[in-house]
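In what follows, every chain begins at residue 1, and chains take the letters A, B, ... in the order their sequences are listed. No experiment lies behind these values; they were computed from the predicted model shown.
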2 protein chains.
Amino acid sequence: MTIGELSKKTNISEYTLRYYEKKRLLRVSRDRIGRRCYAENDISWIFFIKRLKDTGMLLKDIEKYAELRYEGDSTMPERLAMLQEHRVYILREQRKWAEYLKNLDSKISFYQEEINK
Amino acid sequence: MTIGELSKKTNISEYTLRYYEKKRLLRVSRDRIGRRCYAENDISWIFFIKRLKDTGMLLKDIEKYAELRYEGDSTMPERLAMLQEHRVYILREQRKWAEYLKNLDSKISFYQEEINK
DNA sequence: GTATTACTTAGACTATACTGTAAGTCAATA
DNA sequence: TATTGACTTACAGTATAGTCTAAGTAATAC
């Protein structure tokens with residue numbers, strides 16, 4: 001699969017795919033004339049990267065995860081530990097959002113009362 | 001209150017306070033020799049800005065809110081509308097985090113099974 | 001055989017949100 | 001009076017995460 005095809009399938013720009021490669025999130029083999037060729041399972045890997053990123057993991061931490069992943073199955077315990085740590089982060093985020101929603105709702109109520117006075 | 005005092009009370013650096021002022025989030029009066037002097041209620045305003053920022057509102061949107069706020073009570077309906085819109089955003093974020101937690105949990109389960117095989 | 005398209009690289013540019021520096025002012029204190 | 005410390009300004013620098021450009025190559029399409 002070429003970079004253009006992968007870009008369409010994942011909805012991630014070619015620029016970004018190359019950028020991720022430079023940042024070592026992605027390891028890509030080349031064809032005979034030096035063009036990137038991606039494997040099918042790179043798609044799910046990229047979606048996984050996307051999820052980690054969207055849930056606030058920094059690229060440099062994703063890079064660490066990627067390095068372990070490319071090292072093979074022996075690094076599973078380490079990867080598991082990283083995910084468990086990230087899980088704690090997500091739980092904290094959830095609590096944060098719940099609290100802010102409560103806050104915002106009381107602000108909204110206040111405004112509504114003020115306006116209807 | 002001087003900028004140094006406000007900085008300590010809000011735990012926001014003087015740099016940032018000046019930056020917020022330049023970005024029109026904050027309007028500050030000056031003393032006789034040109035130094036910033038803040039009012040007591042600037043503290044709660046800053047904490048509110050902090051909350052909006054922490055919940056993903058961009059400074060340029062917070063600036064819009066600030067402008068309305070400094071315009072006076074007549075802009076309450078507009079501010080309310082902004083907060084209600086932001087509420088929808090927060091609800092969407094909450095759903096996102098819940099979904100990602102579910103995803104992550106199944107990934108974690110998978111790893112745990114693999115490791116214990 | 002040339003035009004088009006898809007690719008390559010390095011490196012410059014962008015946006016957001018700060019963060020820090022340099023040079024100078026002012027008022028209170030030793 | 002001289003120094004200290006908190007303040008002022010404009011502007012440069014940083015980090016993160018892209019986003020784009022310029023110059024060039026290779027394979028295919030007409």
Practice item. Let me see the working for A/Arg95 and A/Glu99 under salt bridge (Lys or Arg N to Asp or Glu O under 4.0 Å), right down to the final yes or no. Key: CA-CA 6 Å; A/Arg95 271 198 301 276; A/Glu99 196 201 310; over 6 Å; no
**Study point:** salt bridge (Lys or Arg N to Asp or Glu O under 4.0 Å) partners of A/Asp105, counting only residues at least two apart
**Key:**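 Residues passing salt bridge (Lys or Arg N to Asp or Glu O under 4.0 Å) with A/Asp105: B/Arg87.
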Check your understanding: So which pairs with a foot in residues 67-83 of chain B pass salt bridge (Lys or Arg N to Asp or Glu O under 4.0 Å), sequence neighbours left out?
Key ->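 Listed by first then second residue: nothing to list.
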Check your understanding: Out of curiosity, A/Lys107 NZ to B/Phe48 CZ, how far, rounded to the nearest 0.5 Å?
Key ->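 If we round to the nearest 0.5 Å, A/Lys107:NZ and B/Phe48:CZ are 4.0 Å apart.
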Exercise for review: Hey, could you give me the CD1/CG distance between A/Ile46 and A/Leu6, rounded to the nearest 0.5 Å?
Suggested key: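 That separation rounds to 4.0 Å.
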Taking [atom1] from [X] and [atom2] from [N], how many angstroms apart are they, rounded to a whole number?
X: B/Lys60; N: C/dT16; atom1: NZ; atom2: C1'; answer: 9 Å
X: B/Ile46; N: C/dC18; atom1: CD1; atom2: P; answer: 12 Å
X: B/Ile62; N: C/dA17; atom1: CD1; atom2: P; answer: 8 Å

**Study point:** chain B footprint on DNA chain D, 5' to 3' - any atom under 4.0 Å from a heavy atom
**Key:**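 Result: D/dC7 to D/dT9.
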Practice item. Check for a donor-acceptor pair, side chain of A/Tyr65 on one end and backbone N or O of A/Met82 on the other, with a separation under 3.5 Å. Key: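 Checking the backbone N and O of A/Met82 against the side chain of A/Tyr65, no donor-acceptor pair under 3.5 Å is found.
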Review point. Is a side-chain donor or acceptor of A/Lys50 paired with a backbone partner of A/Thr10 at a separation under 3.5 angstrom?
Key: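 Present.
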Practice item. Decide, yes or no, whether a salt bridge links B/Arg35 with B/Glu14 under the criterion of side-chain N to carboxylate O below 4.0 Å. Key: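 Looking at B/Arg35 and B/Glu14, the cut-off is not met.
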Check your understanding: Does a salt bridge link B/Lys8 with B/Glu5, judged by any charged N lying under 4.0 Å from a carboxylate O?
Key ->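 Salt bridge flag = no for B/Glu5 with B/Lys8.
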Point to revise | Proximal nucleotide (of C/dC7, C/dT19, C/dA17) relative to the B/Ser13 side chain | key: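 That would be C/dT19.
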Point to revise | Residues from residues 15-41 of chain A lying under 4.0 Å of DNA chain C - heavy atoms | key: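 Only A/Arg18, A/Arg30, A/Gly34, A/Arg35, A/Arg36 qualify.
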Practice item. Just jot down the ring pair (Phe, Tyr, Trp, His ring centres under 6.0 Å) partners of A/Tyr89, sequence neighbours excluded, or say none. Key: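 Per chain and number, A/Tyr89 pairs via ring pair (Phe, Tyr, Trp, His ring centres under 6.0 Å) with A/His86.
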Exercise for review: Give the angle between the helix axes at the two ends of the helix from C/dG1-D/dC30 to C/dA30-D/dT1, taking five base pairs at each end and rounding to 10°.
Suggested key: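 Inter-axis angle at the termini of the helix from C/dG1-D/dC30 to C/dA30-D/dT1: 30°.
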